[in-house]
Amino acid sequence: MNPFQAERRSIRSSPFWKLFVIGFLILLLWIPLGIVRSLISEREGRRSSVANEVAATWGYSQTLGGPVLTVPYLVPVRGPKGEINRVRQMAHFLPESLKVEGTVAPERRSRGIFEAVVYQADLRSSGTFLQPRFDEGGIAPEDILWKEAFLTIGVSDMRGIRRGTTLRWGERALPVSPGGGESGIWEAGLRVPVPDLAAGAPGTVYPFRFDLSLDGSGALSFLPFGKQTTVALRSSWPDPSFAGAFLPESRKVGENGFQAVWNVAYFGRSYPQQWRSPDAERVAPTKALNDSAFGVELYLPVDAYQKTERSVKYGLLFLILTFLTFFLYEVFSPFALHPVQYLLVGSALCLFYLLLLSISEHVPFGISYAIASGATIALIGGYSWAILRGAQRALVMSGVLALLYGYLYVLLQSEDYALLLGSVGLFLILALVMYVTRGIDWYGSRGGSAPEGPPPVGPPPVASVEG
């Protein structure tokens, strides 16, 4: 063997050269891991689009607001030629008390392998209004259009109204019709003309109540328009997610469903009990009304995509630890592995996430994880039997992979303690690696010792010869 070939063989057998090649392969395998992550996002987006398609035919998430009592009035405005024009404006009044009781009947709808949750809500609303007052603003009594007063009830998706309804105003039953969109409050809703307000004395209380049946999907929300707003809901859905500006005062969640009660005082919102249309953008902007909504989301516990994406985040760690195990076998054994063999093992590790994603769309995540990890361990273990030249080494390699996949599953299931378990696990792995490699001669002398310090500077000393 000539000196060039010997030097070339020495470089190839150098631990640092081998670590450099392993690092390059890990970076190369980061590409398929990125492709898997993009595929997860694509499948999750497909699931969301299916939910939107179902909602488009059944009904989107619903927000119920009101009722709001609106009384038109006239304001004299001087024109450009000095003439006096009477401009029509609106005064809006919110209820003194508002109570909503209802049941939410959920239903799963499937399209292909994807699911969406829809619901049918039967709601009963009741409350009271006080006689509207125009004490401020200098509005003359004759300019108040009492006969044109009306109530509006906000419904975000009118297609979800299953049947007609009537509103009880005191002892009278008033017909309800569509066309309740009110500028600055909501875009769609129901409208009810209100009679006899002109005859009401100051302080008169007007009780109201109405029933409403709504179809929707995903979430059901309410606007706290009463001085005191109480909402009580019950449902057979076992996985609610309470969201919005206010959380329930009391709730009970179990396998048979949930019950929740909200009590919201008007002190917790940023808009008053009454305002006029010219002042709406200042005292009661639409954003403030929408931001005060609260309710419940019927959470669909399909967490396979989130867990698969979280598992991919540990892909780099799996590649490093698996390759490190093979590298240690090379260091302590009289054989060498080819980079192509490392690449094949890394490809099997990357394929695990694709298996996990595809299987978890059809079976529960725990079962799909067991199938994907078991297949990957069997594949790499069988391959290790050949390249590591022994069943015992292959069994050890399979055991290492089984520990890694078991450790990852614990991390995926324990979201609250994932950071703690992850940091402790990494510390123990590092300690184990340091212990195993404590006797390795990284200079490659194999039996010699590393130099204690830098070589001496200058020419070597000349030995003296006697006699």
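Two residues are said to be in side-chain contact when any heavy atoms from C-beta on lie closer than 4.5 Å; Phe326 and Met397 meet this criterion. For the pair Met158/Leu190, a side-chain contact is recorded, criterion being any heavy-atom separation below 4.5 Å from C-beta on. In this structure, the side chains of Trp275 and Leu94 come closer than 4.5 Å at one or more pairs of heavy atoms. Here the side chains of Leu337 and Leu388 are in contact, with some heavy-atom distance below 4.5 Å. Using a 4.5 Å heavy-atom threshold, the side chains of Val312 and Leu357 count as separate. You'll find the side chain of Leu319 reaches within 4.5 Å of the side chain of Leu33, heavy atoms only. Residues Thr166 and Phe210 have side chains not in contact (no heavy-atom distance under 4.5 Å, counting atoms from C-beta outward). In this structure, Leu64 and Phe225 have side chains that are not in contact, with every pair of non-hydrogen atoms separated by 4.5 Å or more.
Side-chain rings of Phe242 and Phe258 approach one another, their centers coming within less than 6.0 Å.
Side-chain polar atoms of Ser235 and Tyr119 form no donor-acceptor pair below 3.5 angstrom.
Taken to the nearest 0.5 Å, the CG atom of Leu403 stands 12.5 Å off from the CG atom of Leu408. For the atom pair Trp58 CH2 and Gln120 CD, the distance stands at 4.5 Å (nearest 0.5 Å). If you take OG1 on Thr308 and CG on Leu356, they are separated by 4.0 Å, rounding to the nearest 0.5 Å. Expressed to the nearest 0.5 Å, how far OH of Tyr305 lies from CD1 of Ile40 amounts to 10.0 Å. Between Leu412 atom CG and Ser311 atom OG the span is 5.5 Å, to the nearest 0.5 Å. Considering CD1 of Ile185 and CG of Leu289, their distance stands at 7.0 Å, rounded to 0.5 Å.
For Arg124, the salt bridge (Lys or Arg N to Asp or Glu O under 4.0 Å) partners are Asp211, not counting sequence neighbours. For Arg43, the salt bridge (Lys or Arg N to Asp or Glu O under 4.0 Å) partners two or more places apart in sequence, or in a different chain, are Glu361.
A 6.0 Å sphere centred on CZ of Arg209 holds no more than 12 heavy atoms belonging to other residues, nucleotides or ligands. Within 6.0 Å of atom CD in Glu187, 12 or fewer heavy atoms from other residues, nucleotides or ligands are found, so the atom counts as exposed in its surroundings. Surrounding CZ of Arg251 are at most 12 heavy atoms belonging to other residues, nucleotides or ligands under 6.0 Å away.
Note on Lys99 versus Glu101: salt bridge recorded, some NZ/NE/NH1/NH2 to OD/OE distance being below 4.0 Å. One finds no salt bridge joining Glu309 and Lys307 here, because no Lys/Arg side-chain nitrogen approaches an Asp/Glu carboxylate oxygen to under 4.0 Å.
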Practice problem: Could you please spell out the steps behind the salt bridge (charged side-chain N to carboxylate O under 4.0 Å, His left out) verdict for Glu53 and Arg46? | Solution: CA-CA 10 Å; Glu53 291 173 6; Arg46 175 56 183 159; 3.6 Å; yes

Practice problem: Check step by step if side chain to side chain contact (heavy atoms under 4.5 Å, CB included) holds for Thr322 and Leu404. | Solution: CA-CA 9 Å; Thr322 305; Leu404 288 177; 4.2 Å; yes

Quiz item: Under the side chain to side chain contact (heavy atoms under 4.5 Å, CB included) criterion, do Ile359 and Tyr369 qualify, and how do the steps go?
Solution: CA-CA 8 Å; Ile359 299 173; Tyr369 188 93; over 6 Å; no

Quiz prompt | Verdict with supporting geometry, Tyr329 and Phe327, side chain to side chain contact (heavy atoms under 4.5 Å, CB included) | solution = CA-CA 5 Å; Tyr329 269 122; Phe327 171 74; over 6 Å; no

Exercise. Check step by step if side chain to side chain donor-acceptor pair (under 3.5 Å) holds for Ser213 and Arg163.
Key: CA-CA 7 Å; Ser213 296; Arg163 62 180 70 94; 2.7 Å; yes

Self-check item: Check against side chain to side chain contact (heavy atoms under 4.5 Å, CB included), Leu220 and Val104
Solution: CA-CA 9 Å; Leu220 176 62; Val104 181; 3.9 Å; yes

Practice problem: Test salt bridge (charged side-chain N to carboxylate O under 4.0 Å, His left out) on Glu107 and Arg109 and set out the steps. | Solution: CA-CA 6 Å; Glu107 182 181 349; Arg109 293 293 177 94; 2.9 Å; yes

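Of all non-hydrogen atoms in Pro224 and Arg269, the two that sit nearest each other are O-NH1, 2.8 Å. Among all heavy-atom pairs drawn from Gly226 and Tyr266, the shortest one is O-CB, 3.8 Å. The heavy-atom pair separating Leu98 from Gly66 by the smallest distance is CD2-O, 3.6 Å. Considering all non-hydrogen atoms of both residues, Pro248 and Trp262 come closest at N-NE1, 3.3 Å. Considering every non-hydrogen atom in both Val296 and Pro240, the closest pair reads CG2-CB, 3.7 Å. Contact record, Leu223 with Ser292: CD2-OG, 4.1 Å, taken as the closest heavy-atom pair.
Checking each of Leu401, Ile380, Thr325, Leu379 against Val345 for a side-chain contact (heavy atoms from CB on, under 4.5 Å) leaves exactly one that passes, namely Ile380. Partner His92 forms a side-chain hydrogen bond (donor to acceptor under 3.5 Å, both in side chains) with one of Thr70, Asp279, Thr152 and no other, that one being Thr70.
Classified by interplanar angle (parallel below 30°, tilted 30° to 60°, perpendicular above 60°), the ring pair Phe222/Phe294 is tilted.
Remark: side-chain polar atoms of Gln62 are paired, donor with acceptor, to backbone N or O of Asp215 under 3.5 angstrom. Not one N or O on the side chain of Thr63 forms a donor-acceptor pair closer than 3.5 Å with the backbone of Val155. With hydrogens and angles disregarded, no donor-acceptor distance shorter than 3.5 Å links the side chain of Arg191 to the backbone of Ile153. In terms of modelled atom types and a separation under 3.5 Å, the side chain of Lys18 and the main chain of Ala336 share no donor-acceptor contact. Formation of a donor-acceptor pair under 3.5 Å by the Asp157 side chain with backbone atoms of Tyr60 is found in this model.
Contacts classified as salt bridge (Lys or Arg N to Asp or Glu O under 4.0 Å) and involving residues 254-264 (residues at least two apart or in different chains) are not found. For residues 383-408, the set of pairs meeting the side chain to side chain donor-acceptor pair (under 3.5 Å) definition, not counting sequence neighbours, is empty. Among residues at least two apart or in separate chains, side chain to side chain donor-acceptor pair (under 3.5 Å) pairs with a member in residues 342-351 are Glu330-Tyr342. Evaluation of the side chain to side chain donor-acceptor pair (under 3.5 Å) test over residues 220-232, restricted to residues two or more places apart or in two chains, returns Thr230-Asn263.
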